[in-house]
Chemist: 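This is the structure I have questions about; it appears just below.
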Amino acid sequence: MKKKGFIRINSELCKGCGLCITACLKGSIRISNKLNMKGYHPAEYIENEKSKNRKCTGCALCAITCPDIAIEVFRD
Amino acid sequence: MKKKGFIRINSELCKGCGLCITACLKGSIRISNKLNMKGYHPAEYIENEKSKNRKCTGCALCAITCPDIAIEVFRD
Amino acid sequence: MAKQVFKRPDAIKENVFHYCPGCGHSIIHRLVAEVIDELGIRDKTVGVPPAGCAVLAYNYINVDMGEAPHGRAIAVATGIKRARPELIVFTYQGDGDIAAIGTAETIHAANRGERLSVIFVNNGVYGMTGGQMAPTTLLGQTTTTTPGGRLPLRDGFPLDLSQMLAVANGSVYIERTAVTSPKNIIKAKKAIKKAFQVQMDDLGFALVEVLSQCPTNWKLSPVEACRRVEEEVMQNYPLGIIKDTTHKGD
Amino acid sequence: MAKQVFKRPDAIKENVFHYCPGCGHSIIHRLVAEVIDELGIRDKTVGVPPAGCAVLAYNYINVDMGEAPHGRAIAVATGIKRARPELIVFTYQGDGDIAAIGTAETIHAANRGERLSVIFVNNGVYGMTGGQMAPTTLLGQTTTTTPGGRLPLRDGFPLDLSQMLAVANGSVYIERTAVTSPKNIIKAKKAIKKAFQVQMDDLGFALVEVLSQCPTNWKLSPVEACRRVEEEVMQNYPLGIIKDTTHKGD
Amino acid sequence: MGMTKIIFSGFGGQGVLMMGYVLATSGMYEDKHVTYLPSYGAEVRGGTANCTVTVSDEPIASPVASFPDFAVLMNTPSLMKFEGRIKTGGTVFLNSDLVELRPKRSDIQVVAIPVNTIAVKLGSIRGANMVMIGAFIQKTGLVALKSVVKSVKSIFETKGAKVHKMNRAAIQEGAAFKTV
Amino acid sequence: MGMTKIIFSGFGGQGVLMMGYVLATSGMYEDKHVTYLPSYGAEVRGGTANCTVTVSDEPIASPVASFPDFAVLMNTPSLMKFEGRIKTGGTVFLNSDLVELRPKRSDIQVVAIPVNTIAVKLGSIRGANMVMIGAFIQKTGLVALKSVVKSVKSIFETKGAKVHKMNRAAIQEGAAFKTV
Amino acid sequence: MTKQLMRGSHVIGEAATRAGCRFYAGYPITPQNELPEYMSERFAKLEGATFIQAESELAAINMVMGASMAGVRAMTSSSSPGISLKQEGISYMAGMELPAVVVNIMRGGPGLGNIAPTQQDYFQATRGGGHGGYRTIVLAPYSGQELVTLTMKAFDLADVYRTPVILLGDGLMGQMMEPVTFPDPIDPDTLPQKDWRLDGARDRDSRLIASLHLDPAQMEQHNWKLARKYAAICERETKRESYLLDDAVLAVVAFGTAARIAKGAVNRVRKAGLRAGLFRPITLWPFPEKELRALTRTIKHVLVFEMNFGQMVEDVRISVGEQATVHFHGRPGGIISTPHEIADAITKLFYRYKLDN
Amino acid sequence: MTKQLMRGSHVIGEAATRAGCRFYAGYPITPQNELPEYMSERFAKLEGATFIQAESELAAINMVMGASMAGVRAMTSSSSPGISLKQEGISYMAGMELPAVVVNIMRGGPGLGNIAPTQQDYFQATRGGGHGGYRTIVLAPYSGQELVTLTMKAFDLADVYRTPVILLGDGLMGQMMEPVTFPDPIDPDTLPQKDWRLDGARDRDSRLIASLHLDPAQMEQHNWKLARKYAAICERETKRESYLLDDAVLAVVAFGTAARIAKGAVNRVRKAGLRAGLFRPITLWPFPEKELRALTRTIKHVLVFEMNFGQMVEDVRISVGEQATVHFHGRPGGIISTPHEIADAITKLFYRYKLDN
Ligand SMILES: Cc1ncc(C[n+]2csc(CCOP(=O)(O)OP(=O)(O)O)c2C)c(N)n1
Ligand SMILES: Cc1ncc(C[n+]2csc(CCOP(=O)(O)OP(=O)(O)O)c2C)c(N)n1
Ligand code: SF4
Ligand code: SF4
Ligand code: SF4
Ligand code: SF4
């Protein structure tokens with residue numbers, strides 16, 4: 001069975017650099033429309049961490065890339 | 001006919017380092033017994049600049065080597 | 001049960017990074033912290049931050065730290081290491097710091113084979129002071145002091161410090177890495193770990209050059225900045241091991 | 001009639017050299033003066049002497065001269081040359097001056113390709129200050145600051161500055177020579193001439209390293225000192241052209 | 001009108017420094033004493049940018065504003081940073097498109113303007129700062145509106161007629177905005 | 001006997017600094033105030049070496065000797081350099097093997113000793129400075145001869161008995177030399 | 001002349017260019033980066049002008065030394081730590097009597113400190129932070145327009161006296177924009193010839209510029225010569241502004257940014273009827289000692305206000321001797337006092353010493 | 001303790017070692033080369049001691065900074081130009097409150113100058129040649145034995161006050177041999193623990209040693225803290241010698257080598273019945289201001305004698321105010337005055353001001 005995972009992005013730590021989006025091969029992250037307190041549009045995880053169909057593998061490539069350690073990664 | 005030459009050593013400029021002696025392939029220079037004013041035993045030219053039999057060719061290797069530009073070289 | 005597979009390293013403090021969005025510095029900080037965690041040396045490590053954007057590295061990396069004047073991190077680190085050889089001492093320096101004002105200190109420490117792990121962050125500009133030319137700036141690159149682009153006759157050529165350090169007899173490990181992609185980041189971390197290991201094994205001077213992005217002063221988005229590193233910067237500064245004599249005599 | 005085939009060069013003043021018996025400095029001074037004479041550039045040449053035994057070079061070489069702080073000759077020369085590019089500017093520096101305290105200035109001037117002719121006199125010690133270790137001192141060599149001989153772990157390795165400078169993009173001509181014998185002296189002169197010619201042709205940074213003898217601080221006779229250069233020093237610092245890109249593109 | 005101090009603050013990129021520069025230049029054109037002081041250095045990185053302008057009929061001692069008469073605040077962090085420092089009786093100009101919060105103080109006036117919305121309507125969000133400066137000048141009367149138009153024209157001289165037209169429109173639109 | 005200043009001068013290699021050092025050490029052993037001042041720096045290179053010793057019953061203000069009481073001169077350049085500075089009534093000690101010149105001044109005494117010759121006779125020219133110091137002490141009585149022997153012994157402690165014996169012989173031979 | 005709103009650092013750069021400066025070497029440091037940046041752009045477009053971003057402050061000052069030897073008007077600039085690194089070079093230039101302008105836009109210190117405006121390098125500037133007991137002329141502008149005039153004057157003084165001149169400002173001076181006007185530029189070719197410069201020994205003996213004087217007697221002679229020059233500078237070149245001092249019973253002494261604020265404070269307390277005035281040294285060395293001393297005929301209280309914890313206060317003490325009581329108010333860290341704060345300090349003194357009756 | 005005849009530079013090295021110094025980094029420069037040479041040999045044989053011949057003075061001072069951070073007693077030494085290069089580092093250490101001993105064996109200047117003994121770096125040492133308005137304690141030995149005591153004291157003061165201490169001598173102090181005795185060596189392990197040192201965050205929070213204080217308020221606080229420390233040093237640590245001052249009508253003020261000569265001069269003029277004495281500051285900073293001031297109750301003429309063209313004279317003027325007339329005699333180039341010359345200068349003052357009746 002393919003590994004499943006999910007991530008949590010701390011939107012106040014995130015500066016919206018978008019590097020995680022490039023890193024994610026599954027397209028599970030995007031930039032949010034909202035502004036955070038610092039004035040950035042943070043990244044947001046598109047998937048539902050409960051959903052069985054989610055594509056996120058918990059590969060952590062996003063977190064490895066994130067300059068602001070804004071992403072925590074979990075694997076089932 | 002082999003070239004002939006001779007040298008003149010300024011014994012007050014000379015510091016008696018002896019490099020010219022090593023440089024001279026003809027053995028025409030030696031260290032003098034006398035002290036110059038600075039307290040060095042200067043080099044002296046052994047040959048007679050008038051002599052027909054002198055070995056000095058005026059090759060100037062001694063002068064090229066002399067750190068104190070104490071040697072002038074002449075060629076017939 | 002979901003298990004956390006990626007989290008903040010222990011050796012990173014809780015503070016929010018002051019770096020610009022997408023800046024490579026905080027990635028590299030994290031890698032250093034991860035390596036310190038993995039080697040279990042947090043309680044005997046001392047770091048020396050530079051004057052540069054990373055001047056506040058001590059707000060993030062949770063080890064003893066002593067500040068150095070601009071360019072002198074390696075000299076300060078040498079003092080610490082020689083005074084207490086049991087410590088693991090690293091410096092963290094930008095390209096202006098290590099390759100301009102600090103050139104002499106860097107070269108002579110490498111030549112003496114000081115037992116230091118040096119992290120050299122090459123972002124091709126002076127970040128902290130607002131984007132002036134660095135020794136590593138590429139030809140033609142526009143900075144605030146090369147308004148028409150870097151001209152070799154006026155401004156000199158991109159300097160390859162790592163290659164020069166390879167000439168020094170006391171350097172034993174020099175590698176150039178980047179933090180533009182997960183793959184490169186993983187390699188960079190391996191290199192940083194090795195640089196610490198070399199010190200722990202008392203082998204000599206170790207340096208990891210990390211090509212980093214400065215989106216702010218390059219006036220590019222973070223993603224474009226990473227692409228620029230991969231497409232342009234690496235042309236001039238190819239990644240890879242530049243010197244490794246750690247296995248000599250094996 | 002006898003004709004004089006060797007005499008004092010015009011560009012040498014009448015003063016008696018203050019150097020020790022057998023010292024290479026005054027030979028090298030003479031070579032520089034001969035080259036200046038031969039190139040006919042005495043009236044547009046400016047020299048920058050070092051702090052070092054050759055600090056008084058201006059007492060001997062008869063051109064305009066401006067004194068530099070220890071190690072900064074190349075920076076001072078850069079200022080002169082950039083301010084008046086029509087001048088021919090050379091520096092004359094010992095190994096302590098150019099390769100220790102002046103490391104950064106040297107490397108960056110080479111990297112910028114400053115149009116300078118640099119005479120680098122490598123005698124392996126700090127002559128002027130009484131024979132302390134220089135960056136170029138050989139391993140095991142005893143000096144007043146390496147009483148038991150140079151130890152790599154404490155004192156570092158002999159530094160090969162010329163090799164490092166070859167890595168810099170702006171350097172176009174670097175050669176290592178010696179003044180231990182007539183043959184070497186003639187070669188050294190040729191190299192010095194070329195270093196001036198490179199500047200006159202506006203090609204880039206040119207440097208001639210001259211292995212020199214310091215009988216006084218080596219505690220050897222001048223003849224023994226020359227032998228030591230040939231037998232020991234040249235093992236570590238082999239003579240020859242280290243870099244020559246002056247014909248690139250011909 | 002003595003000496004007036006104004007702080008402009010917002011994210012980098014919102015053109016807050018330009019607003020201050022425009023005001024100071026306009027004052028200069030009217031032969032007033034002016035100073036312009038950007039915040040500088042490390043502060044600039046990432047966080048908010050701000051600058052202080054003083055416009056005065058007499059020589060200006062300190063270009064710093066401990067207690068500004070006016071504050072032009074383009075985002076929420078700016079409001080949080082400067083609310084406490086505004087002089088009693090002073091006025092805050094807020095970019096209401098980005099700032100939802102309102103000052104808690106009752107001794108200052110608030111002028112809220114949706115400058116982003118207005119600018120977008122005029123063709124580009126980049127004109128938001130010009131909208132704001134128009135509104136600010138209209139409300140405070142610190143300098144004449146035509147001085148502002150003139151200074152903006154000269155500042156953007158190299159940018160050509162189209163930019164100038166847009167700027168002028170933005171300033172006028174801002175000036176025309178009816179605040180409560 | 002108040003304060004006495006002595007200059008020792010000669011070529012490098014003649015051991016003139018050692019002479020001064022021996023005298024100063026001897027004075028110290030007798031609990032006198034002493035200073036020893038070498039000439040230093042660039043002066044040393046090539047030219048003559050010299051040093052100045054002060055021996056005194058009271059604290060020594062300046063270790064420098066503008067007008068030394070005694071001068072011990074081992075070669076001709078030294079005589080030329082120092083002749084003019086010797087105090088009226090002072091004494092010059094000359095190495096007569098190397099110095100043919102004699103002072104022109106009539107207000108100073110001259111002691112000429114062929115120290116090279118004597119030293120060579122004793123086995124090595126390198127003892128010439130010890131011969132000279134012997135003669136100097138004998139003539140001036142600045143310190144006791146036995147203090148000199150003691151200090152030389154301690155200075156050359158590591159060199160072993162043979163060297164000590166030679167030194168002692170040289171000192172004694174110097175002391176025994178009859179000057180005019 | 002049209003007025004321009006210009007940042008202080010740029011004003012210095014433009015004024016230098018108009019004074020005929022044709023060589024700039026520097027190394028970035030906040031808060032003066034805008035100056036090298038300006039020079040890089042200005043000189044890129046100016047024939048015969050050289051801009052070098054040096055590898056360090058040491059290299060920069062030594063490049064300036066070389067350019068000065070070659071007879072060109074030359075400048076370098078930095079901020080506190082960078083100026084410390086230039087001390088050896090400044091000492092050499094003073095010793096070799098080489099003109100140059102050194103700009104120090106001071107920041108907080110000691111050490112890395114911060115980039116806020118302070119006046120903590122007063123001693124370093126006025127006492128010669130380098131070795132050898134030389135002196136440098138120190139000019140302290142306090143407005144945009146004075147940045148123009150004093151920068152240009154700095155080059156003239158440097159050439160006339162053949163000595164490095166320090167222009168001492170702070171981040172506020174460097175960053176603030178004020179309206180300024182510039183005089184017409186000077187063509188460097190019209191400046192007096194420097195008959196000591198190094199330009200190749202054509203039809204003349206070779207020249208030497210050196211600070212080495214191995215013979216103590218010669219060194220001493222040289223130093224007395226410098227001392228005489230310095231005495232002449234003290235005699236001729238002191239410069240200060242006197243503001244509302246005629247009837248004053250208390251003088252505030254302050255320079256640069258602090259003087260602006262002090263002036264505001266004086267205006268404030270004047271409104272309250274307190275007879276205070278401002279004595280503003282424009283040359284910090286030579287310090288306007290006599291002028292300050294002369295005030296003590298009527299003024300018995302002096303308040304020194306500096307953005308440090310007390311340095312100029314020594315010069316003030318030396319000047320007034322025991323003829324006036326010297327008080328001090330300092331802010332050593334980059335906090336810029338308000339005129340209000342200084343007015344308070346003045347008022348307290350009036351109250352404490354009953355000066356208002 | 002047996003007496004040893006030892007060269008000044010060696011005395012400093014041995015005294016430092018006995019004071020527990022275990023780290024030395026330096027760069028050769030005349031006239032103090034014998035000190036690094038001594039250290040290289042001494043430390044080669046001493047367990048746990050580090051000698052580094054650095055690539056430059058800059059590297060040396062920064063290595064010392066690092067060693068000091070690590071808690072080790074550390075020293076560097078140089079002569080005037082090299083000390084100029086260390087100013088940035090000294091400023092950092094003052095800012096970071098790091099102890100260290102910096103030896104300056106002064107030579108002629110400005111610039112390359114010469115290697116003869118002078119006192120031309122008085123200002124640099126006492127006013128902090130670096131940026132940021134810090135102060136360093138400055139000790140001025142005048143004899144071989146004082147080289148022992150003051151070198152050892154320098155390390156103690158540095159540790160107690162966490163500040164760099166400068167030992168200020170000249171070529172005469174460095175080269176001259178005098179008999180000295182040494183106290184027993186201190187075992188560094190018995191010195192008080194430095195609870196601020198960097199030695200790895202084991203069972204404690206990580207530590208930071210830094211001089212960066214971005215926030216002006218915090219920078220100001222830090223500087224007031226330094227100011228308080230400096231005030232405490234001024235209060236507690238001034239040191240001077242008073243020689244024949246009880247009945248004197250004229251005081252010579254001189255330090256270091258100059259004071260030796262002045263003492264000889266005082267002895268001379270005393271023999272002629274002139275009531276002169278010597279006031280010798282041993283700490284140049286803090287300057288013994290109060291002690292000198294106290295003398296002016298009876299002494300109305302002060303002759304400052306310095307081997308420069310006038311620097312300490314400012315401190316003397318500040319000290320005596322208008323209670324005494326300050327005269328100056330200087331030799332700025334390496335010529336060492338004779339006691340005779342100074343005696344003449346004293347005598348002239350007695351004659352001119354009729355002090356002998
Ligand atoms: C002596 C000195 N000179 C200059 C500076 C100013 N300064 C601080 S950081 C820096 C360069 C920063 O560039 P880099 O080292 O490349 O690091 P980055 O900020 O790009 O990470 C400079 C010039 C200083 N603090 N001290
Ligand atoms: C700033 C500074 N540091 C140190 C010195 C002392 N100094 C003068 S020359 C020299 C080194 C000389 O060695 P090198 O350059 O090898 O030349 P050499 O005398 O052997 O020809 C030193 C350390 C100085 N003059 N200035
Ligand atoms: S863990 Fe992997 S798959 Fe999941 S969001 Fe991150 S990069 Fe995408
Ligand atoms: S990489 Fe990190 S900071 Fe960047 S957008 Fe993603 S979560 Fe945000
Ligand atoms: S300026 Fe550049 S290097 Fe500095 S924090 Fe920003 S992105 Fe990073
Ligand atoms: S010390 Fe050495 S380098 Fe210097 S003059 Fe003598 S032999 Fe030459």
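Note: hydrogens, waters and symmetry copies are ignored here, and every other heavy atom, side chains too, is used.
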Chemist: Measure Asp215(H) against the heavy atoms of chain G and call it side chain, backbone, both or neither at under 4.5 Å.
Modeler: backbone
Chemist: So which part of Ile336(H) gets closer than 4.5 Å to some heavy atom of chain G, the side chain, the backbone, both or neither?
Modeler: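 Neither part.
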Chemist: Quick one, Ser77(G) and Val102(G) - any side-chain contact, counting heavy atoms below 4.5 Å?
Modeler: no
Chemist: Do Arg162(G) and Trp196(G) meet the cation-pi criteria used here (NZ or CZ under 6.0 Å from the six-membered ring centre, within 45° of the axis)?
Modeler: yes
Chemist: Looking only at heavy atoms and a cut-off of under 4.5 Å, which of Arg107(H), Glu57(H), Gln119(H), Arg293(H) has the most pairs with chain G?
Modeler: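 Greatest number of close heavy-atom pairs with chain G: Arg293(H).
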Chemist: Quick check on Gln221(H) against chain G: is it the side chain, the backbone, both or neither that has a heavy atom closer than 4.5 Å?
Modeler: neither
Chemist: With chain G as the partner, which of Ser211(H), Ser79(H), Gly108(H), Ala125(H) has the greatest number of non-hydrogen pairs under 4.5 Å?
Modeler: Ser211(H)
Chemist: Let's test your reading of the structure: which of Gly334(G), Gly321(G), Ser80(G) forms the most heavy-atom pairs below 4.5 Å with chain H?
Modeler: Ser80(G)
Chemist: Please flag which part of Leu212(H) lies under 4.5 Å from any non-hydrogen atom of chain G: side chain, backbone, both or neither.
Modeler: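 Its backbone and side chain both get close to chain G.
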Chemist: Among Gln311(H), Gln87(H), Met96(H), Arg331(H), which has the most heavy-atom pairs under 4.5 Å with chain G?
Modeler: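 Sorted descending by pairs with chain G, the first entry is Arg331(H).
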Chemist: In terms of ring plane angle, is the pair Tyr230(H) and Phe309(G) parallel, tilted or perpendicular, where the classes change at 30° and 60°?
Modeler: tilted
Chemist: Please evaluate residues Tyr134(G) and Met93(G) with respect to the criterion side chain to side chain contact (heavy atoms under 4.5 Å, CB included), reporting the C-alpha separation (whole Å), side-chain torsions for both, the decisive distance (0.1 Å), and the verdict.
Modeler: CA-CA 10 Å; Tyr134(G) 63 91; Met93(G) 286 203 279; over 6 Å; no
Chemist: With a 3.5 Å cut-off and no angle check, do the side chains of His329(H) and Glu306(H) form a donor-acceptor pair?
Modeler: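 No donor-acceptor contact under 3.5 Å links the two side chains.
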Chemist: If only side-chain N and O atoms count, and only distance matters, is there a donor-acceptor pair under 3.5 Å linking Lys86(H) with Thr76(H)?
Modeler: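 Judged by distance alone, the side chains do pair up.
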Chemist: Using a cut-off of under 4.5 Å for heavy-atom pairs, which of Gly113(G), Gly89(G), Ser91(G), Gly82(G) has the most such pairs with chain H?
Modeler: Gly113(G)
Chemist: For Ser84(H) and Gln124(H), test the side chains for any donor-to-acceptor distance below 3.5 angstrom and give the result as yes or no.
Modeler: yes
Chemist: For the candidates Gly330(H), Gly128(H), Gly310(H), Gly130(H), which exhibits the highest count of non-hydrogen atom pairs separated by less than 4.5 Å from chain G?
Modeler: Gly130(H)
Chemist: Sort out for me which of Ala210(H), Ala94(H), Gly133(H), Pro110(H) touches chain G most, counting heavy-atom pairs under 4.5 Å.
Modeler: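 Sorted descending by pairs with chain G, the first entry is Pro110(H).
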Chemist: Hey, which of Gln120(G), Glu220(G), Arg317(G) has the most heavy atom pairs under 4.5 Å with chain H?
Modeler: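 So the answer, after comparing Gln120(G), Glu220(G), Arg317(G), is Glu220(G).
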Chemist: Verify whether one side chain among His213(G) and Gln218(G) offers a donor that lies under 3.5 Å from an acceptor in the other.
Modeler: yes
Chemist: Sort out for me which of Ala227(H), Gly95(H), Ala217(H) touches chain G most, counting heavy-atom pairs under 4.5 Å.
Modeler: Ala227(H)
Chemist: At a 4.5 Å cut-off on heavy atoms, which part of Arg127(H) comes close to chain G: side chain, backbone, both, or neither?
Modeler: both
Chemist: What option among Glu314(G), Gln323(G), His222(G) has the most heavy-atom pairs under 4.5 Å with chain H?
Modeler: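 Between Glu314(G), Gln323(G), His222(G), the count favours Glu314(G).
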Chemist: Run the ring-centre check on Phe328(H) versus Phe305(H) and record whether the distance is less than 6.0 Å.
Modeler: no
Chemist: Less than 4.5 Å to any heavy atom of chain H: does that hold for the side chain of Ile83(G), its backbone, both, or neither?
Modeler: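 When you check distances to chain H, no heavy atom of Ile83(G) falls under 4.5 Å.
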Chemist: Is a side-chain donor-acceptor pair under 3.5 Å present for Tyr92(G) with Asn62(G)?
Modeler: no
